[in-house]
Enquirer: 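Quick one: the structure is below, questions incoming.
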Amino acid sequence: MATNEELAELLFPEITETIEDLEKRYPKRDLPEGAQVTRFAPSPTGFLHTGSLFTSMISYVIAKQSGGIFYFRLEDTDTKRTIEGSGNDLIDQLHAFGIDHDEGYYPTGDKGAYGPYQQSARRDIYKTVIKELIRRGRAYPDFCTPEDLDAIRATQEANKVLPGYYGVYARDRNLTVDERIEKIKAGTPWVIRYRSNGDHDKKTKFVDAIRGEIELQDNDVDVVILKSDGLPTYHFAHVVDDHFMRTTIISRGEEWIPSTPIHLDMFRALDWKAPKYAHIPSIMKLDHGNKRKLSKRKDPEAAVSYFLDQGFDPNALLVYLMSIANSNFEEWCIANKSFDFNKFQFSLKKMSLDGALFDLDKLNYFAKEIVAKMPAEEVLAKTKAWAEKYDAAFYERITSNEEYFGKILNIEKNRPNPRKDYAKWSDIERLTHYFYEPLWNEILDKGLPFNEKFEKSLVKEMLVDLADNMAYGVDEQTWFASVKEIAAKHNFAISNKEYKANPTAFAGSLSDSAEFIRVALTGTNQSPNLHEIMDILGDDVVKSRLKLSAERL
Ligand code: GLU
């Protein structure tokens with residue numbers, strides 16, 4: 001009778017190392033007490049999902065705040081789903097958010113002593129562990145064809161039992177070693193399955209770092225651990241990698257909760273101490289009254305590139321995500337007058353468990369606060385960098401006269417309550433058209449939105465009078481006094497109180513008359529401080545716009 005040892009040798013003759021060798025090559029990390037080793041382990045199957053950014057941010061923060069290591073592992077074992085180059089894109093996008101890893105896979109080569117950090121380059125490591133599991137009788141080659149598996153599934157359906165390769169349905173589980181050797185020698189294709197000792201009627205318990213104790217049905221399925229292409233499945237690969245990369249907290253999406261018993265079972269079979277698991281809640285969306293996961297196909301905001309394209313400061317999205325992660329974060333921001341989430345003490349235990357609803361209004365709120373606090377020079381540099389990549393015409397406008405653009409950004413900026421109407425760089429583009437003559441002409445051609453309750457002739461007279469007689473090149477107060485005088489001449493109430501007491505006695509209020517100037521100069525009835533705008537436009541432009549808009553009425 002042949003032994004498991006012989007079977008292992010027949011299957012993997014090229015593997016000469018042992019688990020002990022790997023233990024030596026990847027020793028325990030020399031880190032201070034409490035330092036956590038976390039990772040982000042995406043599959044290169046497309047763009048960076050907003051939920052993945054959420055997970056990676058949390059892993060990053062846990063490592064940073066504990067003085068540990070955050071590393072990146074590329075899980076590229078599902079070759080059918082792999083999209084060429086997407087691993088590198090993921091790294092670029094994380095970098096745009098400042099989530100840079102200390103160690104791990106880089107397009108230019110790995111960094112760190114626990115690699116390779118790309119699963120497809122770790123075949124021999126997986127095989128070394130599998131060879132040992134075979135020796136111990138805890139893994140076996142399975143010779144079922146896809147048709148055999150279909151037949152098993154059909155029987156299970158007929159018997160109304162759970163699908164899967166387990167118990168009496170695990171056809172090749174109980175073959176003798178001799179039978180296996182014979183089939184291998186005959187060239188029968190095989191995969192390797194893990195031999196579960198679990199009992200489906202029993203429960204398995206584990207403590208999740210976010211959710212506390214979780215109790216689930218024990219796993220009794222003999223899952224595939226090595227596919228026919230020589231690559232491992234996720235279940236097995238992450239167990240091996242997180243062990244040898246010395247991860248201390250596996251923070252991953254909550255969709256992995258149901259398979260955790262499989263993973264814990266494997267850690268036990270290998271006599272390895274399992275890291276802690278923290279299952280991160282999914283980000284949800286309200287769709288016709290129902291909560292559902294943000295979907296790659298349906299929601300543009302499911303891809304982080306959406307926020308970058310729109311010109312959100314990456315930090316704004318992270319701050320928003322942190323407010324979802326720990327609900328006390330927003331309070332902390334207000335109390336500390338800071339949006340630097342790195343200074344906030346994040347806690348896995350305080351993490352909310354209900355999948356948070358993605359709330360664009362809330363993101364806009366944080367984004368506006370962040371841009372308002374940002375020095376004008378930084379806003380300029382970031383807007384310029386964004387425009388260079390995403391909006392050529394805007395970039396051209398900025399660079400044709402950067403000093404002028406800087407002045408525009410300085411409007412209502414250096415004061416205790418700075419303006420808060422820019423959430424993203426594309427808002428700056430949209431809200432600054434009127435500072436540029438060609439764009440202002442387009443606004444004029446479309447027709448200016450003067451308040452229709454006023455006779456056109458009155459608006460016209462006022463505009464001409466203002467153009468000719470208001471004070472130019474003076475401070476705000478003096479200028480406004482001259483506006484008041486002209487308004488009074490045209491029977492606009494200069495006292496709000498008097499106007500309110502008897503509105504019909506006047507042509508309109510003082511703010512109505514100021515609005516004429518605003519509309520004539522900016523093409524909107526909402527703008528920041530008019531005097532600052534006039535200062536930037538210059539007297540000649542102001543005068544000519546007042547006149548031109550009167551002519552067009
Ligand atoms: N590659 C897996 C995924 O993208 C990783 C899960 C994990 O972090 O362990 O879902």
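Read the numbers this way: they start at 1 and go in the same order the structure lists the ligands and their atoms.
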Enquirer: Take every heavy atom of Gly253, measure it against each atom of ligand 1, and state whether any distance is under 4.0 Å.
Expert: no
Enquirer: Is any N or O atom of Glu255, backbone or side chain, closer than 3.5 Å to an N or O atom of ligand 1?
Expert: no
Enquirer: List every atom of ligand 1 that sits less than 4.0 Å from any heavy atom of Arg39, numbering the atoms from 1 in the order shown and giving each element.
Expert: 7 (C), 8 (O), 9 (O)
Enquirer: What residues form a ring-ring contact (aromatic ring centres under 6.0 Å, His included) with Phe366, not counting sequence neighbours?
Expert: none
Enquirer: Do Tyr395 and Trp386 have their ring centres less than 6.0 Å from each other?
Expert: no
Enquirer: Within ligand 1, which atoms have a heavy atom of Arg252 less than 4.0 Å away?
Expert: 7 (C), 8 (O), 9 (O)
Enquirer: For the residue pair Phe344 and Phe341, is the inter-centroid distance of their aromatic rings smaller than 6.0 Å?
Expert: no
Enquirer: Using a plain distance cutoff, I'd like to know if Glu75 has any nitrogen or oxygen under 3.5 Å from a nitrogen or oxygen of ligand 1.
Expert: yes
Enquirer: Test the Arg29-Tyr114 pair against the cation-pi criterion, namely NZ or CZ under 6.0 angstrom from the six-membered ring centroid and within 45° of the ring axis.
Expert: yes
Enquirer: Does Ala41, backbone or side chain, put an N or O under 3.5 Å from an N or O of ligand 1?
Expert: yes
Enquirer: Applying side-chain hydrogen bond (donor to acceptor under 3.5 Å, both in side chains), can you list everything that pairs with Thr128, at least two apart in sequence or on another chain?
Expert: none
Enquirer: Could you check whether the rings of His101 and Phe70 sit parallel, tilted or perpendicular, using 30° and 60° as the cut-offs?
Expert: perpendicular
Enquirer: What protein heavy atom lies closest to atom 9 (O) of ligand 1? Include the residue and the distance to one decimal.
Expert: Tyr234 OH, 2.5 Å
Enquirer: Record the part of Phe40 in heavy-atom contact with ligand 1 below 4.0 Å; permitted values are side chain, backbone, both and neither.
Expert: neither
Enquirer: With backbone taken as N, CA, C and O and side chain as the heavy atoms from C-beta onward, which portion of His238 lies under 4.0 Å from ligand 1: side chain, backbone, both, or neither?
Expert: neither
Enquirer: For ligand 1, which atoms, with element, lie under 4.0 Å from some heavy atom of Trp256?
Expert: 6 (C), 10 (O)
Enquirer: Relative to each other, are the rings of His243 and Trp272 parallel, tilted or perpendicular (30° and 60° limits)?
Expert: parallel
